[in-house]
Amino acid sequence: LASASDRVDDDPSAEAAYNRAWALALLSEACATVEASLVAEGRDRAWTVFRRHAIDGRSYIDLEAELGLGRQQMADLVRSVTKRLRTRVLELLEDEGGDAAEDLLEVIRLVM
């Protein structure tokens, strides 16, 4: 996730730095929760595919031989993990109060 911060425009303001740090912390917490849930369910392979593709930026073609899965299988796994992450991020935003949909858009804008 630290690499995601490299994609954010440099803005020296304290508010922007705080918002970036908050968004990354929220996303990190959501990732840790989803990863732990998947491991507990015996679905750690789904997290591995998601992490290597969505976070590390590896292509499905590169991962096919390494993981022994087809591209469509990996795409399905990534979609299911992404859905769980969205849900968890929304839960965390709701816990903090405010307009979750608006906050979610802000988190996405800050870290992607």
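Nothing fancy with the numbering, it's 1 onward along the sequence. Since the model is a prediction, treat every value here as computed from it, not as a measurement. Atom set for the values below is all heavy atoms of this structure, side chains included, hydrogens, waters and symmetry mates excluded.
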*Contacts of Thr82 that satisfy side chain to side chain donor-acceptor pair (under 3.5 Å) - sequence neighbours left out*: none
*Closest non-hydrogen atom pair between Leu26 and Leu92, with its separation*: O-CD1, 3.7 Å
*Locate the shortest heavy-atom distance separating Val89 from Ala30; write the atom from each residue and the value.*
CG2-CB, 3.6 Å
*What pairs of residues pass the ring pair (Phe, Tyr, Trp, His ring centres under 6.0 Å) test when at least one of them lies in residues 57-86, not counting sequence neighbours?*
His53-Tyr60
*side chain to side chain contact (heavy atoms under 4.5 Å, CB included) between Ser37 and Arg43: does it pass, once the steps are laid out?*
CA-CA 8 Å; Ser37 295; Arg43 298 187 60 227; over 6 Å; no
_Shortest non-hydrogen contact from Ala46 toward Leu77_ = CB-CD2, 3.8 Å
_Arg45: which residues meet the salt bridge (Lys or Arg N to Asp or Glu O under 4.0 Å) condition with it, sequence neighbours left out?_
none
_Trp47 and Cys31: CA distance, side-chain angles, deciding distance, side chain to side chain contact (heavy atoms under 4.5 Å, CB included) verdict_ = CA-CA 9 Å; Trp47 179 258; Cys31 285; 3.7 Å; yes
*Run the side chain to side chain contact (heavy atoms under 4.5 Å, CB included) check on Thr48 and Arg51 step by step: do they pass?*
CA-CA 5 Å; Thr48 299; Arg51 181 179 40 103; 3.9 Å; yes
Which atom pairs, one a donor and one an acceptor, fall under 3.5 Å between side chains of residues 64-74 and the rest of the protein, sequence neighbours left out?
| residue | atom | partner | partner atom | Å |
| --- | --- | --- | --- | --- |
| Glu64 | OE1 | Arg71 | NE | 3.3 |
| Glu66 | OE1 | Arg58 | NH1 | 3.3 |
| Glu66 | OE1 | Arg58 | NH2 | 3.0 |
| Glu66 | OE2 | Arg52 | NH1 | 2.3 |
| Gln72 | NE2 | Asp76 | OD1 | 2.9 |
| Gln73 | OE1 | Gly70 | N | 2.7 |

*Decide yes or no for Arg84 and Leu38: does some side-chain heavy atom of the first lie under 4.5 Å from some side-chain heavy atom of the second?*
yes
*asked:* Restricting to side chain to side chain donor-acceptor pair (under 3.5 Å), what partner residues turn up for Glu91, sequence neighbours left out?
replied: Arg88
_Pairs flagged by ring pair (Phe, Tyr, Trp, His ring centres under 6.0 Å) wherever residues 27-46 is involved - sequence neighbours left out_ = none
*Is there a path of hydrophobic side-chain contacts, each under 4.5 Å between heavy atoms of I, L, V, M, F, W or Y residues, that connects Leu85 with Ile55?*
yes
